[in-house]
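These notes concern the structure reproduced below.
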Amino acid sequence: MKFSNKLILWYLDNKRDLPWRKTTDPYFIWLSEIILQQTKIEQGMPFYLSFIQSFPTVFDLAEASEHDVLKLWQGLGYYSRARNLHHTAKFVVDTNKGIFPSSYKELLKLKGIGDYTASAISSICFNEPQAVVDGNVYRVLSRVFGLQTPRNTSKGIKDFKELAQEVMDIENSGTYNQAIMEFGALWCKPRNPSCEACIFQNSCYAFLNKQVHLLPVKISKIKVRNRFFNYLVILSSDDKTILKQQTQQGIWKNLYEFPLVETSENSFLRKTEIQNKIPFASVQTASLFNETPIIHKLSHQHIHIRFWIVKTSEIRDYGICFSQIASFAVPIVLHNFITKFSFYKTVNFDTFEKLAK
DNA sequence: AAAGCGGGGAA
DNA sequence: TTCCCAGCTTT
């Protein structure tokens, strides 16, 4: 049996009973589609109900103030959807007596309506053969047909739209579109999909090739996390300092470093925070070595590093001689600091004292 | 082509 | 924590 036929038969058996499935009125379909953009049905449902309650027709929505619309949208996120919703309601009322455009091409011109929403409305309300491509469709098509193009690239967007258009049921586009999305939401889920009881077990590319968890392909754009490190460079009265081995999982594991106070931003350390870090010594003075943080760039993290010169009482066996530091494995950024600092410390201590201010 | 925009639930 | 959700718009 054809892919689309199997899907529609599955849908008729398994579809959820949802309010916007009882109508093909473009106003209600449009409203539901806007609310459900990037939003799970469970989250959007109460908002849909309150919107049709407050604004039973597009005229009611158009007459409302933007603030009232935003107020009702409060908590749903992506607030430009609410502003565009209101704008489009007014536009439809002002230019076409409240009647929505009835073609994909015309719908696409409205604010807040892109390829997905224009396809959804034109197929569900007017049976125009436009295949929707949403997060569910990317997943189902990539798995069943083995389409490996990364979905978040321009080629991916193009390839998936083409395949979606190719395998859809031209005669029942509205039902087909809802079927594939429902299947993606209930069966072909991102994680732990129900492959053992799937109607496509015998033909699904991903299932047959054990690639279900690898599809759809998505280019992961590395997002950089900012972290703020304050290293405490201890100078005790018995001329020692502290190095600790980084034992926790993470960057620089098993390397040595100065006692570290991580903060959520470039904040000025309090003396008590420093003292708490080294309870075995008594802090006398603490000064910032570099006002401007050194930004150490790793692939996924930008580490903003500041060194604090902390003079303390005797620490005896808790510490090591400063000259021994060279024999410990430390991150390069610490090594660079140590080199620079040793220069000030041994050659011209007075210069450092000035710099520390 | 990439970034910005929200809030919530699941693993 | 990370991922993803019935995406669209702007840069």
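The sequence lines fix the lettering, A, B, ..., with proteins before strands; numbering per chain opens at 1.
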Original post:
In whole Å, what separates the P atom of B/dG8 from that of C/dT9?
Top reply: 24 Å
Subject >> Gap between atoms OH and C1', on A/Y138 and C/dG7 respectively (whole Å) >> reply: 9 Å
Original post:
If you measure from the Lys or Arg side-chain nitrogens to the Asp or Glu carboxylate oxygens, is any gap between A/E162 and A/K158 under 4.0 Å?
Top reply: yes
Subject >> Interatomic spacing from OG1 in A/T312 to CG in A/D238 - rounded to 0.5 Å >> reply: 7.0 Å
Original post:
Roughly how many Å is it from CG in A/L85 to P in C/dT9, rounded to a whole number?
Top reply: 12 Å
Original post:
Between atom NZ in A/K161 and atom P in C/dC8, what is the gap in whole Å?
Top reply: 10 Å
**OP:** Round to the nearest Å and state the distance from A/R227 atom CZ to C/dT1 atom P.
**Re:** 10 Å
Subject >> Inter-nucleotide C1' distance (B/dA11, C/dA6), Å rounded >> reply: 23 Å
Original post:
Is A/R316 salt-bridged to A/E314, going by a charged N under 4.0 Å from an acidic O?
Top reply: yes
**OP:** Name the nucleic acid region contacted by A/S32, choosing base, sugar-phosphate or nothing; use a 4.0 angstrom heavy-atom cut-off, strictly under.
**Re:** nothing
**OP:** Provide, to the nearest angstrom, the distance between the CD1 atom belonging to A/I121 and the P atom belonging to C/dG7.
**Re:** 13 Å
Original post:
Do NZ/NE/NH1/NH2 and the carboxylate oxygens of A/D159 and A/K155 come within less than 4.0 Å?
Top reply: yes
Original post:
In whole Å, what is the span from the CG atom of A/N136 to the C1' atom of C/dC5?
Top reply: 8 Å
Subject >> Plane angle bin for A/Y231 and A/F229 - parallel if under 30°, tilted between 30 and 60°, otherwise perpendicular >> reply: perpendicular
Original post:
Quick one: what's the B/S/- string for nucleotides 6-11 of chain B, heavy-atom cutoff under 4.0 Å, read 5' to 3'?
Top reply: BBB---
**OP:** For DNA chain C, find the residues of residues 15-23 of chain A with a heavy-atom distance under 4.0 Å and give them by number; none if there aren't any.
**Re:** A/W20, A/R21
Original post:
What class does the angle between the rings of A/F160 and A/Y138 fall in, given that below 30° is parallel, 30 to 60° is tilted and above 60° is perpendicular?
Top reply: perpendicular
**OP:** May I ask you to say whether A/E182 pairs ionically with A/R21, meaning some side-chain N is under 4.0 Å from a carboxylate O?
**Re:** yes
Subject >> Nearest-angstrom distance from the residue atom CG of A/D134 to P of C/dG7 >> reply: 5 Å
Original post:
Does A/R151 put a side-chain nitrogen or oxygen below 4.0 Å from OP1 or OP2 of C/dC3?
Top reply: no
Original post:
Considering residues at least two apart in sequence or located in another chain, which fulfil the ring-ring contact (aromatic ring centres under 6.0 Å, His included) criterion with A/Y256?
Top reply: A/F328
**OP:** Find the distance A/E33:CD to C/dG7:C1' and express it as a whole number of Å.
**Re:** 11 Å
**OP:** Using the C1' atom on both, measure B/dC5 against C/dC5 and round to a whole Å.
**Re:** 14 Å
**OP:** Using the P atoms only, state how far C/dT11 lies from B/dG6, rounded to an integer number of Å.
**Re:** 15 Å
Original post:
Are A/E166 and A/K161 close enough for a salt bridge, meaning some N to O gap below 4.0 Å?
Top reply: no
Subject >> Salt-bridge present (A/E262, A/R227; N to O < 4.0 Å) >> reply: yes
Original post:
For A/K155, which contact category applies under a 4.0 Å heavy-atom criterion: base, sugar-phosphate, or nothing?
Top reply: nothing
**OP:** Identify whether any heavy atom of A/D115 sits under 4.0 Å from a base atom; if not, whether one sits that close to sugar-phosphate; answer base, sugar-phosphate or nothing.
**Re:** sugar-phosphate
